[in-house]
Amino acid sequence: MGRTEHKQQQKQMNRKKNWSNIQKPIKILLLVMLLVVLGGLIMVNQLIASSDVSKLEELEPRPTFIYDQNGEIVSKISNSNIEGVRLDQIPKELIEAVISVEDQQFYKHHGINYFGIARAFTQNTLKGEVVAGGSTITQQLTKNAFLTQDRTYSRKFKELLIAMKIERTYSKDDILERYLNQIYFGEGAWGVQRAAQVYFGKDVSELTLSESATLAGLIKAPTHLSPYKNLEKSVQRRNIVLSLMKNEKYISQAEYEEAIGQEMMLADSTLPDYTGKYPYYIDHIIDEAVNKYGLTKNEVLSGGLHIYTELNPVIQDALEEVYEDDRYFPESKPDQLIQSASVFLNPKTGGISALVGGRGEYTYGRFNNATQLVRQPGSTLKPLVYTAALEQGYHISDLLVDQPINIDGYSPKNFDKRYRGQVTMYDAVAQSYNIPPVWLLHNIGIENGVRTVERFGIPLDEQDHNVGLPLGGLHQGTSPLRMAQAFSAFANNGVMMEAHAIVEIEDSEGEVIGKWREQSVEVTDAEVAQQMTYMLKGAVEVGTAKKAQITGMEIAGKTGTTQLPFAGVNGSKDHWFVGYTPDIVGAVWLGYDKTDAEHYLNSTSSFTAPPIFGQVLSKSISEYPTKKFNLPLIAKMKKELEDQKEKLREKERKLEKEKREQKKKEEKERKKREKKDKKDREKERKDREKKSEKDREKEKKKREKKEKKKREKEK
């Protein structure tokens, strides 16, 4: 054997020896791995076996929850929209449509589509977060019935375990039946039966192929694909489902073409009734969700949503308590209740803290006076016009005309029918005189006043462009909500936040589908706002709104009273008060729904609306930490006002003195005249007496002469 061959043999022997040495650890490792796998399988099987899936025996309704500002549930809107049906009641076309679009391997897998999971895992790895699921129908049923909608691996693992337990416990048909009875189809419809009724107004058994494909197409994104919201998208989705059904050989080409050619005939949208706490506030939430966030009423009422709001339960409870007590309202006529509405909001955020839209028994969909009312605001509009004057350079101490005026035939009168010649702007606001703001608007220009009022969010018609604007006799009018929003700018140093009730909306899966975005506008500057607050504080302290006062808290506000639309009756149509503290703004309205010669308010607003405001604040005072207004920008103006008032008082004292002196002079003249008159009367009396005496003497002599002649004749 040569040296080369010997080396080769030696190498082979070394390799065999090395392999033998390596083989032993591998065998141990493989054994360990096998034991781990077996242990894992045993543990997984135990977890699967211990999973409780009995909940699938029940049909669970999905109420919409309303949360207050503290995150506490204050109302639950539910009308049990799930109506279970057996699988044999569901058209096979609907079953096939759902399988085609949601889980084509449903009858072949054992609850898990491993290819789908692998594909989803790859996508998630690339994205660095869980973005895809690869769920089967069984997994979707698991997620809807047992788990949250969090996209985490731990939640996904639980989903797989429960899905496998479901597959071991129920047949495929049982799983499909439960899935179709629990899945959400949008518009508040849970389950195929309710979906058939909501969208097509029929029993599920009566659905056509086209209608079945439409419902199957909604499952992916029911909110966005609802035909009530976007018919075109819904039709496109239906056609995709029909195409998938054709590919899976469930329908023929002819059936496909016939179905896609059919027009979608939707049922009239019916709204379920609901009862719950704070119905008027809930009404407004529904309207806001529909108008601002694009939801439908059915979705809001029973779509399993979670709606987080600005509602303050302490203030809302106080408001509800006041409105349930008739003592705080004028006595109504037997055949018609005096109506009222109030809304309170946070001036710093615009969040609606509390709202009541009417008195008497509530019925669903009732007219909400707090938000839907359109009535003339009366003198509550004056502060907005005064704001325009302040922006033009006027100040709270300036003197305004308070005497008869005539502007193109318009001659306003003060409520007390008195005239004071000149008054400070402060007193004009506090005492709600009518002539000064009309004169002022005429001076600054009507359009300046109009632009300011509209800037505060109060809509005006062309007919409102006149000097009578400050008195609030608008062609149309406004609502308590708009007035509260407008006055919030004064409490917030000139910045007006848009009033809103909803902070955030989550769907039934926890996805945010609507979120409040702050919207604000600087309607005036801080100095002007503070001047207005000081004057409106005066209206509560010494003016027309004194009944809004509560102990230990500064309040600013303005009353408003509107005239009756007919003459000959002493009364009013609407009563208003819009008031605020640094922490809250509230607007209160009272009036009859139908005002006529038999139904009107007897007093002025000073006696009705401010006390309601005061009562609400008194009952919820714990919510208002700031007791006094901070008005640092107008310290000099307040001093000027006091100086001006002192000048007016001095002028008034001087006038009083002149009046007294004039009165004394007139008294002296009167006495002098009386003395002269008395003397003249005495002289006249004496003259009369003297004349009478002469006449009597003359008459006596005449009689005597006559008697004498008579005697002589007789002789």
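Residue numbers count from 1 along this sequence. Just so it is clear, the model here is predicted, and its values are computed rather than measured. Atom set for the values below is all heavy atoms of this structure, side chains included, hydrogens, waters and symmetry mates excluded.
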Novice: Would you list the atom pairs, donor with acceptor, under 3.5 Å between side chains in residues 477-486 and any protein atom, with sequence neighbours excluded?
Specialist:
residue	atom	partner	partner atom	Å
Ser479	OG	Arg482	N	3.2
Arg482	NH1	Gly457	O	2.9
Gln485	OE1	Ala499	N	2.8

Novice: Can you tell me which residue pairs pass the side chain to side chain donor-acceptor pair (under 3.5 Å) test with a partner in residues 342-360, sequence neighbours excluded?
Specialist: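 Every pair satisfying side chain to side chain donor-acceptor pair (under 3.5 Å) with a residue in residues 342-360: Tyr323-Ser342, Asp326-Arg359.
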Novice: Mind checking side-chain hydrogen bond (donor to acceptor under 3.5 Å, both in side chains) for Thr371 and listing every partner two or more places apart, or none if nothing turns up?
Specialist: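 Thr371: no side-chain hydrogen bond (donor to acceptor under 3.5 Å, both in side chains) contacts found.
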Novice: Only counting residues at least two apart or in another chain, list the ones meeting side-chain hydrogen bond (donor to acceptor under 3.5 Å, both in side chains) with Glu257.
Specialist: Gln253
Novice: Indicate whether the side chain of Ser171 and that of Asp173 have a donor and an acceptor atom separated by less than 3.5 Å.
Specialist: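 No.
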Novice: I'd like to check the side-chain hydrogen bond (donor to acceptor under 3.5 Å, both in side chains) partners of Gln105; sequence neighbours left out, ordered by chain and number.
Specialist: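 Gln105 satisfies side-chain hydrogen bond (donor to acceptor under 3.5 Å, both in side chains) with no other residue.
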Novice: Measure the acute angle between the ring planes of Phe65 and His306, then classify it against the limits of 30° and 60° as parallel, tilted or perpendicular.
Specialist: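 It falls in the parallel class, under 30°.
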Novice: Between Lys246 and Tyr256, is NZ or CZ placed under 6.0 angstrom from the six-membered ring centre and within 45° of the ring axis?
Specialist: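 So Lys246 does make the cation-pi contact.
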Novice: Which pair of heavy atoms, one from Gln193 and one from Val204, lies closest together, and at what distance?
Specialist: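 Taking every non-hydrogen atom into account, OE1-N, 2.9 Å.
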Novice: What residues form a salt bridge (Lys or Arg N to Asp or Glu O under 4.0 Å) with Glu211, not counting sequence neighbours?
Specialist: Lys202
Novice: Flag yes if more than 12 heavy atoms outside Met265 fall under 6.0 Å of its CE atom; otherwise flag no.
Specialist: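 Not buried by this count: 12 neighbours or fewer within 6.0 Å.
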Novice: Pairs in or reaching into residues 215-228: which pass salt bridge (Lys or Arg N to Asp or Glu O under 4.0 Å), with residues at least two apart or in two chains?
Specialist: none
Novice: List in chain and number order the residues that pass ring-ring contact (aromatic ring centres under 6.0 Å, His included) with Phe344, two or more places apart in sequence or in another chain; answer none if no residue qualifies.
Specialist: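 For Phe344, the residues satisfying ring-ring contact (aromatic ring centres under 6.0 Å, His included) (neighbours in sequence not counted) are Phe613.
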Novice: Show me the side-chain donor-acceptor pairs of residues 289-296 shorter than 3.5 Å, one per line, residues at least two apart or across chains.
Specialist:
residue	atom	partner	partner atom	Å
Asn291	ND2	Asp287	O	3.0
Lys292	NZ	Glu498	OE2	3.3
Thr296	OG1	Glu187	OE1	2.4
Thr296	OG1	Glu187	OE2	3.3
Thr296	OG1	Glu299	N	3.3
Thr296	OG1	Glu299	OE1	3.4

Novice: Tell me, please, which residues at least two apart from Asn368 pass side-chain hydrogen bond (donor to acceptor under 3.5 Å, both in side chains).
Specialist: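 If we apply the side-chain hydrogen bond (donor to acceptor under 3.5 Å, both in side chains) test to Asn368, skipping adjacent residues, there are no hits.
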Novice: List the residues meeting side-chain contact (heavy atoms from CB on, under 4.5 Å) with Ser252, not counting sequence neighbours, and say none if there are none.
Specialist: Ala254, Glu255
Novice: Not counting sequence neighbours, list each pair that qualifies as a ring-ring contact (aromatic ring centres under 6.0 Å, His included) and has a residue in residues 196-225.
Specialist: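 Listed once each, the pairs are Tyr199-Tyr228.
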Novice: Using the rule given for side chain to side chain donor-acceptor pair (under 3.5 Å), can you reason through Glu288 versus His500, listing the C-alpha separation, both sets of side-chain angles and the distance that settles it, and then say yes or no?
Specialist: CA-CA 8 Å; Glu288 194 170 294; His500 64 283; over 6 Å; no
